[in-house]
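All ligand and atom numbering here is 1-based and tracks the order in the structure. Note that these values count all heavy atoms, side chains included, but never hydrogens, waters or copies made by symmetry.
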Amino acid sequence: MDCGTWERRLYDGEPYISGEQPDAEVLTKLNSNENPYPPSAAVLAAIAGFDGGQLRLYPRSDGGTLRAALADLHGVPRERVFVGNGSDEVLALAFRACFGGEGGILFPDITYSFYPVWCDFFGIGFETRPLDGAYRINADDYAGEKRGVVIANPNAPTGIGEGEGFIKKIMEASPGCVVIVDEAYADFSEYSAVPLVDRYPNLLVTRTFSKSRSLAGMRIGYAVGSPRTIEALKAAKDSFNSYPIDSVAIAAGVAALGDSGYYSDRIGELKQTRDLSVEKLSRLGFKVLPSQANFIMVSPPAGSAEGLFLHLREKRIFVRYFAGERLKDFLRITIGTPEQMDALISEAEGYVSGGRSAGT
Ligand code: PMP
């Protein structure tokens with residue numbers, strides 16, 4: 001049967017590959033930068049108490065009360081906030097909304113691997129600039145850019161975060177292009193560029209409830225920017241899916257924002273566990289990149305990163321391995337509970353001290 005004609009028209013772009021989501025009961029899942037702690041009791045109560053009868057109605061297409069609560073959180077008018085179905089969707093819409101037409105965009109060679117996928121999907125040209133020898137982004141590579149720039153800060157998968165001087169350097173020198181700062185992990189860092197959106201109308205900052213607010217399964221993301229960029233995002237949304245965020249997610253998101261004490265305590269715990277894990281792994285001889293996120297990039301002093309990845313997997317501890325040239329000596333490890341990290345560190349110690357099987 002000749003299916004050649006219709007098959008040629010099927011989408012054949014290279015998709016994003018997410019961390020494995022194993023079906024079986026996993027001892028320790030540290031491969032997708034999820035939060036090991038549950039959502040707050042107030043969030044669980046909001047979900048349990050949600051009036052299911054309301055689901056016959058469409059949700060507020062702009063996120064309604066959640067958009068208003070986010071505007072309050074950041075001290076900006078609602079016109080500066082856009083809410084979507086996870087920050088992946090917000091970013092995808094932002095790529096389409098901000099980088100249409102000719103010109104293409106620029107991002108680091110090592111960063112969130114979804115960026116080139118969206119470029120491919122939307123037909124946006126891109127170029128990359130290499131991280132420096134310490135795996136840091138060089139702001140000079142992006143300053144003066146006239147096309148478009150995307151920076152994850154903290155960057156992924158390195159975990160390295162930059163401060164205000166870095167972002168300002170790019171913004172001051174690049175008034176002619178939209179700069180997207182992806183702050184998926186900023187709640188674990190010392191810095192957020194959100195306050196700068198007042199000053200730079202071409203700055204768009206994206207954020208998520210998936211990491212610091214323990215709601216990866218609820219799919220809530222948002223952007224803060226100038227009214228003009230938010231309008232463009234809305235137009236992109238309404239050209240694709242008018243109701244991206246569901247009514248239960250809106251209720252859960254509002255409850256999460258109302259329980260900031262719970263979340264800042266969990267963030268504090270995770271940062272403490274991160275710093276302690278870095279200390280312990282460094283003592284074992286691991287090279288660890290300085291992280292301001294809820295994950296760390298580590299390179300073992302013996303054996304190989306891939307060998308350690310397979311060893312941990314055998315022990316039902318899932319971490320992430322990226323096989324690219326500059327990352328092949330590293331593993332990305334999500335920060336879990338102290339008990340999970342102890343289990344991981346103990347297995348890692350066994351592996352590097354010779355317990356590993358030959359050839360790995
Ligand atoms: N940006 C970065 C840098 C990420 O690592 C992720 C998580 N994979 C996202 C955005 C998207 O997160 P979410 O869609 O869950 O909000």
Check your understanding: Is it true that Y185 and F295 have ring centroids separated by less than 6.0 Å?
Key -> yes
Review point. Have Y16 and D88 got a donor and an acceptor in their side chains that come within less than 3.5 Å?
Key: no
Check your understanding: What part of D182, side chain from CB on, backbone N/CA/C/O, both or neither, has a heavy atom under 4.0 Å from ligand 1?
Key -> side chain
Check your understanding: Has E89 got any heavy atom lying under 4.0 angstrom from an atom of ligand 1?
Key -> no
Check your understanding: Which protein non-hydrogen atom lies closest to atom 7 (C) of ligand 1, naming both residue and atom, and how far is it?
Key -> K211 NZ, 3.3 Å
**Study point:** Min N/O separation S210 to ligand 1 under 3.5 Å
**Key:** yes
Check your understanding: For atom 14 (O) of ligand 1, what is the nearest protein heavy atom, given as residue, atom name and distance?
Key -> R219 NH2, 2.7 Å
Practice item. Check ligand 1 against G86 and write out every atom of the ligand that is under 4.0 Å from a heavy-atom position of the residue. Key: 14 (O), 16 (O)
Review point. Going by the order shown, which atoms of ligand 1 are within less than 4.0 Å of some heavy atom of A184?
Key: 1 (N), 2 (C), 10 (C)
Review point. Would you say the side chain of Y321 lies within less than 4.5 Å of the side chain of L310, judging by non-hydrogen atoms?
Key: no
Check your understanding: Should one rank F295, F114, Y16, Y185 by closest heavy-atom distance to atom 4 (C) of ligand 1, which comes out on top?
Key -> Y185
**Study point:** Step-by-step salt bridge (charged side-chain N to carboxylate O under 4.0 Å, His left out) determination, E231 to R228
**Key:** CA-CA 5 Å; E231 255 172 45; R228 188 67 196 88; 3.5 Å; yes
Point to revise | Identity and distance of the protein heavy atom lying nearest atom 8 (N) of ligand 1 | key: Y112 OH, 3.1 Å
Review point. Would you say S87 has any N or O atom under 3.5 Å from an N or O of ligand 1, going by distance alone?
Key: yes
**Study point:** Check: S61 main-chain N/O paired with K237 side-chain donor or acceptor under 3.5 Å
**Key:** yes
Practice item. Take every heavy atom of F209, measure it against each atom of ligand 1, and state whether any distance is under 4.0 Å. Key: no
Practice item. Salt-bridge test for D187 and R207: reply yes if a basic N is under 4.0 Å from a carboxylate O, no otherwise. Key: yes
Point to revise | Side-chain donor-acceptor pair present, S32, K29, cut-off under 3.5 Å | key: yes
Review point. Quick one: do R219 and E89 make a salt bridge, cutoff under 4.0 Å?
Key: no
Point to revise | Nearest protein heavy atom with distance in Å, relative to atom 11 (C) of ligand 1 | key: D88 OD1, 3.1 Å
